[in-house]
Colleague: 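Following this message is one structure expressed as structure tokens.
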Amino acid sequence: MELISAISEKINSFVWGVPTLVLLIGTGLYLSIIMGFLQFRKFPYIMRHTIGNLFKKKEAQDGSLTPVQALTTALAGTVGTGNIAGVAGAIALGGPGAIFWMWIAALFGMCTKYAEIILAVQYREINDKGDFVGGPMYYIINGLGEKWKWLGVMFSFFGLFAALGTGNMTQINTIATSIGSVFSAFHPSISEGDLWRIYLVIGIIGAILACLVLFGGLQRIGAVTETLVPFMALIYILTALFVVLTHAGEIRHVFSAILSGAFHPAALGGGLSGVVMQQAVKAGFGRGIFSNEAGLGTAPIAHAAANVSHPVHQAMYGIFEVFADTIIICTLTAFAILVSGSAGSFYGTSAGTDLTIMAFASTFGSRIASIIIACCITMFAFSTLLSWSLYGSRCMEFIFGTKSIVVYQSLYVVFIVVGATVKLGLVWQIADTMNALMAIPNLIAVLALSPKVAGITMEYFKKH
């Protein structure tokens, strides 16, 4: 097992190394240039046509989702543990300056996700069940041609395993351990055996709830995420904002620390001395992309199901999605941590949820903070689990056909129970590797089809 773990760690550090991060950020920069930095020029227009439509009721037709349901399904997969634990990890590894580079990754990632969604809607198909299906595998085969089908199969192969790991086992495990931490906070003497039984019950409950949603089809997933995502986001935003406002006097100093740390990182205490700019850049880019998923190719699978008349209508939600995930939610997590002064003892460590809980505890106290974070993580992770079931099913369907969906979903439910009750260090690592391996074929297709994206965009904005 130690050998497997060591090999996996080597592969993971290679696939998530500087070349992959450069490819991800470089794609966003290139797309921004050829579209005249659309995400900045048209930002007011995009916000009017996304936020402005969030509260308009629209019925989904058979085999499709409403534009807002497609957005919330994608946001369910995007807004998750990365917004709570990932941001904390970026600060611990790269200092406050990592947040600046997380913002940069998001600003260019907006264009990447915009392009992915245009292609997903433009090249989608209707399957045997009458559902819209799309995503990287479909814009590879329909955009680049049949001779590139192997690239679509490669994306799908990595995607169906990433869904079982990133989207399933790691999410339910995070829910179980977060709820377990609440029990531990109130009952410090609780035994490991009792905790394991709690984890098992959580896994079984999660599996039952997932069954009720997953086997109801595409539209039930959309209906659940449409209700759950705004609610969970609002709770977290309000509580994080309250933490920041109770330390309002520190906000100016936090801005200064972020900007100075991005370009002139000073030596930090707590075991991390002489942190260099490269660490801040890598931590910010890496955790930012992990959080908003721009370039990974997952969110376009959900957006492809949207009932829209033009690809740009849905693609604008991609820009809003990255903005909401990183510029709003991740930034609030970062500010809560930094204004509270909790980060000092965590520099140079692999901090995660524990750092965020400590930050919230500075306002709410440790017990209330652990309950707030556990509730938010439960909602974030469960919604992620639902949306990734769609991603994995679509990948399975592309390789093996429509009849394989029920097999995959049954396996997915079983893995929920398994994931709640086992230690997942190696699974996290393998799933993270699969994410990077998904991104590579997706980005190849996005870059190859970028003239199509630019053409569709120009044609749309000439009329509007």
Side-chain angles (χ1 to χ4, degrees), residues 27-28 30-32 34-39 41-43 45-54 56 58 60-61 63-75 77-78 109-127 131-145 152 155 218 222 292-323 390-391 394 398 442-464:
T27 300
Y30 169 72
L31 291 167
S32 298
I34 67 170
M35 287 186 283
F37 294 93
L38 174 82
Q39 69 271 47
R41 283 191 303 111
K42 298 293 184 182
F43 189 76
Y45 179 91
I46 290 166
M47 290 301 108
R48 281 201 310 273
H49 287 78
T50 52
I51 296 176
N53 292 331
L54 290 180
K56 292 181 180 177
K58 185 178 179 182
Q61 296 180 358
S64 70
L65 301 174
T66 68
V68 173
Q69 286 177 338
L71 167 71
T72 55
T73 302
L75 268 175
T78 302
M110 288 177 184
C111 246
T112 304
K113 190 163 278 194
Y114 171 89
E116 291 176 297
I117 295 169
I118 278 188
L119 295 172
V121 176
Q122 178 71 18
Y123 292 111
R124 64 188 177 184
E125 299 178 0
I126 297 177
N127 69 6
D131 294 342
F132 279 129
V133 292
M137 52 286 207
Y138 290 97
Y139 54 73
I140 286 171
I141 191 171
N142 294 329
L144 298 180
F155 172 87
L218 174 68
N292 61 51
E293 296 184 12
L296 296 191
T298 46
I301 296 173
H303 285 284
N307 179 27
V308 289
S309 58
H310 196 284
V312 171
H313 290 162
Q314 194 62 27
M316 289 189 288
Y317 283 106
I319 291 176
F320 170 76
E321 190 178 309
V322 177
F323 177 78
L390 174 65
Y391 303 159
R394 290 289 183 250
F398 183 79
N442 175 54
L443 291 173
I444 290 171
V446 169
L447 287 170
L449 293 168
S450 58
K452 184 71 175 178
V453 174
I456 291 172
T457 301
M458 287 177 62
E459 172 263 329
Y460 176 85
F461 283 106
K462 277 183 181 179
K463 295 179 180 178
H464 300 80

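Residue numbers run from 1 in the order of the sequence given. For clarity, every value in this text was computed on a predicted model and none was experimentally measured.
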Colleague: Once salt bridge (Lys or Arg N to Asp or Glu O under 4.0 Å) is applied, what residue pairs with a partner in residues 442-459 remain, sequence neighbours excluded?
Modeller: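 Checked against salt bridge (Lys or Arg N to Asp or Glu O under 4.0 Å) - neighbours excluded - the pairs reaching residues 442-459 are Glu459-Lys463.
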Colleague: To the closest 0.5 Å, what do you measure between CZ (Phe43) and CZ (Arg48)?
Modeller: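 Reported to 0.5 Å precision, the distance equals 11.5 Å.
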Colleague: Rounded to the nearest 0.5 Å, what separates atom CZ in Phe320 from atom CG in Leu75?
Modeller: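 Here the interatomic distance stands at 6.5 Å.
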Colleague: Between Val322 and Gly109, which heavy-atom pair has the shortest distance, and what is it?
Modeller: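 Answer, listing the atom of Val322 first, then Gly109: CG2-O, 4.2 Å.
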Colleague: Between Arg394 and Asn127, is there a side-chain heavy-atom distance shorter than 4.5 Å?
Modeller: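 A side-chain contact exists here, since the closest heavy-atom pair is under 4.5 Å.
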Colleague: Looking at every heavy atom in both Tyr391 and Ala74, which two are closest together, and how far apart are they?
Modeller: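 Scanning both residues completely, I find the closest heavy atoms to be OH-CA, 3.5 Å.
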Colleague: Report yes if the side chains of His310 and Ile456 come closer than 4.5 Å at any heavy-atom pair, otherwise no.
Modeller: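 Yes, their side chains come closer than 4.5 Å.
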Colleague: Give me the atom names and distance for the closest heavy-atom approach of Ala306 to Ala70.
Modeller: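 Distance-wise, the nearest heavy atoms are CB-CB, 3.7 Å.
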Colleague: Do you know which two heavy atoms are closest between Val308 and Pro67, and how far apart they sit?
Modeller: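 Shortest heavy-atom contact: CG1-CG, 3.6 Å.
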Colleague: Is the shortest heavy-atom distance from the side chain of Leu449 to the side chain of Val446 under 4.5 Å?
Modeller: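 No, side chains not in contact.
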Colleague: For a quick test of reading the model, state the closest non-hydrogen atom pair linking Thr50 to Ile46 and the distance between them.
Modeller: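 Scanning both residues, the minimum pair turns out to be OG1-O, 2.7 Å.
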Colleague: Could you tell me the separation between the NE2 atom of His49 and the NZ atom of Lys42, rounded to the nearest 0.5 Å?
Modeller: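 That separation rounds to 10.5 Å.
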Colleague: To the nearest 0.5 Å, how far apart are OH in Tyr123 and CD1 in Ile141?
Modeller: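 So the OH of Tyr123 and the CD1 of Ile141 are separated by 13.0 Å.
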Colleague: Of all the heavy-atom pairs spanning Ser450 and Leu31, show the shortest one and how long it is.
Modeller: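 So the two residues come closest at CB-CD2, 3.7 Å.
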Colleague: Please round to the nearest 0.5 Å and tell me the distance separating atom NE2 of His303 and atom CG of Leu65.
Modeller: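 Answer rounded to 0.5 Å: 10.5 Å.
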Colleague: Please name all residues satisfying ring pair (Phe, Tyr, Trp, His ring centres under 6.0 Å) with Phe461, sequence neighbours left out, ordered by chain then number.
Modeller: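 For Phe461, the residues satisfying ring pair (Phe, Tyr, Trp, His ring centres under 6.0 Å) (neighbours in sequence not counted) are Tyr45.
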Colleague: How many angstroms lie between CZ in Phe132 and CD in Glu125, if you round to the nearest 0.5 Å?
Modeller: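 Reported to 0.5 Å precision, the distance equals 11.5 Å.
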Colleague: Which side-chain N or O atoms in residues 111-122 pair as donor and acceptor under 3.5 Å with protein atoms at least two apart or in another chain?
Modeller:
residue: Thr112; atom: OG1; partner: Gly28; partner atom: N; Å: 3.4
residue: Lys113; atom: NZ; partner: Asn292; partner atom: O; Å: 2.6
residue: Lys113; atom: NZ; partner: Glu321; partner atom: OE2; Å: 2.6
residue: Tyr114; atom: OH; partner: Thr457; partner atom: OG1; Å: 2.9
residue: Glu116; atom: OE1; partner: Gly295; partner atom: N; Å: 3.3
residue: Glu116; atom: OE2; partner: Gly297; partner atom: N; Å: 3.1
residue: Glu116; atom: OE2; partner: Asn442; partner atom: ND2; Å: 2.7

Colleague: Quick check: are there more than 12 heavy atoms from other residues, nucleotides or ligands sitting under 6.0 Å from CE of Met458?
Modeller: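 No - once you tally the heavy atoms of other residues, nucleotides and ligands closer than 6.0 Å, there are 12 at most.
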